[in-house]
Amino acid sequence: MTALTTHTLLSRRALLAQGGALVVTFALTSRPIHAQTARPADKTVAIDEVAGFIAIDATGKVTIYSGKVELGTGATTAIAQIAAEELSVALDRVAMIQGDTQLTPNQGPTYASLSIQDGGMQIRRAAATAREALLQRAADKLKVAKDTLTVQDGVVTSRAGGDKISYVQLVGEQQLAMKIDPAATLKDPKDYTIVGTSVPRRDIPAKIFGTFNFVQDHKLPGMLHARVVHPAGVRSTLQSFDDTACRKIKGYVRAVRKGNLLAVVATNEWAAITASKAIVASWSDWAGLPVESQLYEYVRSSKVDRNEVLQTAGDTAAGFKQGKRTLQATYDFAMQTHGSIGPSCAVADFKDGRLTVWTPSQASHLLQVQLATMLSLKPESVRCIFVEGAGCYGRNGADDCTSEAAVIAREIGKPVRLQWMRQDEHGWDPKGPPVVLDYRASIDDQGQITAWESDMFMPEQPFKRSGVTLLAAVLAGLPKMPFPGSATPHSGLGIPYALPNNKLTVHWLLDTPLPSAWIRAPGNTQNTFGNETFLDEIAAATGVDPFEIRVRHLKDSRGLEVLERLRALAKWEPRGSRPRDAGAIARGRGVTYSKYESVRTYVAVVADVTVDRTTGRVKVDRVFVAHDCGQIINPDGLHNQIEGNVVQTVSRSVVEKVTFSRSAVTSLNWGSYPILTFPNVPEVVIDLIDRPNEVPWGVGEPTTSLIPSAIANAVYDATGAWVRSVPFRPAQVLAALKLSKPG
Amino acid sequence: MTTTIKLTVNGKAVVLKADDPSMPLLYALRDQLGLRGMHFGCGLAQCGACTVHYYGEALRSCVMPVSAVADAEIVTLEGLGTAEKPHPVQQAFIDEQAAQCGYCINGMIMQAAAFLATTKRPTEDQVRQALAGNLCKCGTHVRILRAVMRAAEKMA
Ligand code: FES
Ligand code: FES
């Protein structure tokens, strides 16, 4: 086990110093996306075939076909590292093609922190199978025993001396037509030279020099520009429209109407934008949203599809009888937007009954079937090609925008680029749904927790239904792909502690106020917020230090190690060793812990906050993270992900909240939906535990789930007040401060 | 009526056309010159994704009418530096690997480069203030701060 207690910048810098040329190479070889359209006619996309994932050409270039895509997390660099390592070729030989339904195997959507854990491991096994097969071919050709052979940068040599032979020669005509061997011998991690190093990300230089091809930059010959005019109310219907004023705009082509889907098309982007403002549309009144100030009552009283016990131990009823005092608390978590900095964009081309879309969707293969259903086409007649957009943290507006572009392209018979305006993204991306959590616990005379019960009210979608219906299908009244109810209950929610009597009941709600799609760490962020804050409420009520209460109830050595590493990193002093700040400015710190989805990545967090008692403002000053995700592929990439998890979720915890009228979302830009800005960004201090001999687990979400509770617990430490509703905006903090000082 | 606007972009004399003189500079640069360093983020001067340099100062091209930049000197991310000849701020962003999705990064680099051109050896707080109007949703801020501080050292 290697300890990386400080930033691994040194090694990365060293690497950069010698690898300056490498960086440039990436910039120069960042291929235009059109290169993806050239398809070897016989390229398989079978998920159990090596050739589904790997091709080696006559120049020795290795192409990896990845169903998982780059959403700004560095996953494609990490997957390239995994492939290069397992094949024993230099990293700069490896090119990546991602998320193209015609070229890449369907590895499932890029979500749930599974790009490396699942996607990367499929590719690791494919690469290991390929390497072993090529070694066998080499052994046959060189007439030596296979186990005398070694590979360096794709050249096979025998330790016994003699001839060398390259992968290019070995691959020959046969290419890599073979099944992936699930038991293929994997390289010993002690021989790793690429995995475990902070290789610079391959997409970054082009993004820094303005040469990167975002989907927003994607162009086709003869392409027109479209803008949509979304309904005035979420379910308003379009009664009529008049585009007379648009016809005076030079470059205006036409309006497209399909049911309630209204769009304008022009030869240039600005003409499309001005036309979308000039068109007069009349929408029916619709006011079916709940009253915003009663959102959580609405959630609690929503129709329940079913109640499900997701975690249980012992007998809570008996536990409540054993205890002497009962504690209870309710927590709410706001509705939030994904809020991608670049509004969704897609390019669509419909020709000869076939649709091609260039899309930033995180789920090319799912989208292919959804689009085919919507347009009554065979899936083979739809090709989805992933092109990076702005970061998405779950299923943002990308698929919806793509679906609208597809309908428009079919109507006009010309390639079309649709970009959403800011109000479309804020107003119409599916929202992270509001969640309510109730907790009760019983404590005996010794301060032991004799019973713990929690109830979570959250929408079944998309846990039960595995996706979100395309907006264009809804608006245009086109066929919608049904999402079959999932037979497997969602696992992984619950507490990571061994309490004798414990029960978590989830009330799966049939509906949510607005179409929803979870944001980063689905359900876990909300669940961990409730769990870890309530645990601190018990710690406070029983006079136990927050670190101690966690350590006391944890029966997991890796988890305990993470907590102890954090204790040292943050220089934690037992609660109460310092008197509370008396003045207007109060400082405090809170700790939280989780084992992600109960089965993988261990994370523990300490947050240091400052609360201004006069204004109610909470500022997060510093966040310490101890993190064990098993084998680390790219330490600097991991740092980048953890920092992103922290800063983004501090923003969600203290600032972000969707507002709405009875008809529609009203937080339609960054003025009405503010996010954290530079002056309030915390310092982030990270301790990575690397376990090269373990499997790599996901890192894109776990840290997120801990941030809200770490902040809430720190606010309590600072002020003695509990904040139980995310986001912790000043009004709530002031109210909580008042409550904490009765009289 | 189509107006033509002459100006300098990335050191080259260019002519932009506008059927609507209120069209923001952003669209002219992207659609007519094929530049793509700057991007549309909000169109409301709220995020910074569209930032260019206007006589060396950071300017939000999403709200600047193209008719108002006649004769101006504009520099975009592409003109600031290249892979072969990076601007110190660009080099620092690479050294610090300061990007996640990268969509906001144009704004961060252009804002920081304009700031560092006039402020030598800023404190970290000054950098935070200078970037206070630039939004990033991926949470890349801590790296961006490190990168700007690193560039500041180089440029001092
Ligand atoms: S796009 Fe110009 S500031 Fe947001
Ligand atoms: S890096 Fe994605 S928005 Fe800043």
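In what follows, chains carry the letters A, B, and so on, assigned in the order in which the sequence lines appear, proteins first and then strands, with residues in each chain numbered from 1. For the numbers below, each heavy atom of this structure counts, side chains included, while hydrogens, waters and symmetry mates do not.
Between Leu224(A) and Arg417(A), every side-chain heavy-atom pair lies at or beyond the 4.5 Å cut-off. Thr267(A) places none of its side-chain heavy atoms less than 4.5 Å from the side chain of His225(A). By the 4.5 Å heavy-atom criterion applied to side chains, His87(B) and Met155(B) are counted as neighbours. Taking the side chain as every heavy atom from C-beta outward, Phe93(B) and Thr140(B) never approach each other to under 4.5 Å. By the 4.5 Å heavy-atom criterion applied to side chains, Glu388(A) and Tyr103(B) are not counted as neighbours.
Donor-acceptor pairing under 3.5 Å is lacking for the side chains of Glu425(A) and Ser340(A). For the residue pair Gln46(B) and Asn669(A), a side-chain donor N or O sits within less than 3.5 Å of a side-chain acceptor on the partner. One side chain, Asp95(B) or Gln91(B), offers a donor N or O that lies under 3.5 Å from an acceptor on the other. Using modelled atom types and a 3.5 Å distance limit, the side chains of Gln648(A) and Arg520(A) yield a donor-acceptor pair. With hydrogens and angles left out, the side-chain atoms of Arg201(A) and Gln97(B) include no donor and acceptor closer than 3.5 Å. A donor-acceptor contact closer than 3.5 angstrom links the side chains of Gln81(A) and Asn634(A). When only modelled atom types and interatomic distance are considered, Thr704(A) and Thr649(A) share a side-chain donor-acceptor pair under 3.5 Å. Under 3.5 Å, the side chains of Thr110(A) and Gln362(A) contain no donor-acceptor pair of N or O atoms.
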Step by step, would you call Glu656(A) with Ser651(A) a side-chain hydrogen bond (donor to acceptor under 3.5 Å, both in side chains)? CA-CA 6 Å; Glu656(A) 294 184 33; Ser651(A) 180; 2.6 Å; yes
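Residue with the most contacts toward chain B among Ile675(A), Val646(A), Asn640(A): Asn640(A) (heavy-atom pairs, distance under 4.5 Å). Your options are Val647(A), Val681(A), Asp217(A), and the one with the most heavy-atom pairs under 4.5 Å with chain B is Asp217(A). No other option in Ile341(A), Asp203(A), Asn268(A) has as many heavy-atom pairs under 4.5 Å with chain B as Ile341(A). Options Gly43(B), Pro24(B), Cys47(B), Ala49(B) differ in how many heavy-atom pairs under 4.5 Å they form with chain A, and the most are formed by Pro24(B). Heavy-atom pairs under 4.5 Å with chain A were tallied for Gly133(B), Gly139(B), Cys101(B); the largest tally goes to Cys101(B).
Residue His39(B) touches chain A through its side chain alone, counting heavy-atom pairs closer than 4.5 Å. The parts of Leu135(B) that come within reach of chain A are both its backbone and its side chain, each placing non-hydrogen atoms under 4.5 angstrom from that chain. For chain B, the nearby part of Gln419(A) is the side chain; its heavy atoms alone come within less than 4.5 Å. Residue contact with chain A, scored on non-hydrogen atoms closer than 4.5 Å, involves the side chain of Tyr27(B) exclusively. Neither the backbone nor the side chain of Asn106(B) comes within contact range of chain A; no heavy atom of the residue lies under 4.5 Å from a heavy atom of that chain. For His338(A), the part lying under 4.5 angstrom from a heavy atom of chain B is the backbone only. Using a 4.5 Å cut-off between heavy atoms, Ile204(A) contacts chain B through its side chain alone, with no backbone atom that close. Of the atoms belonging to Leu131(B), heavy atoms from both backbone and side chain fall under 4.5 Å from chain A. Proximity to chain B (any heavy atom under 4.5 Å) is shown, for Ile249(A), by neither the backbone nor the side chain.
Contact residues of residues 30-38 of chain B toward chain A are Arg30(B), Asp31(B), Gly34(B), Arg36(B), Gly37(B) (heavy-atom distance under 4.5 Å). For residues 69-79 of chain B, the interface with chain A (any heavy-atom pair closer than 4.5 Å) comprises Leu77(B), Glu78(B), sorted by residue number.
Remark: side-chain polar atoms of Gln126(B) are paired, donor with acceptor, to backbone N or O of Thr123(B) under 3.5 angstrom.
Scanning both residues, Pro674(A) and Val655(A), for their nearest heavy atoms gives O-CG1, 3.4 Å.
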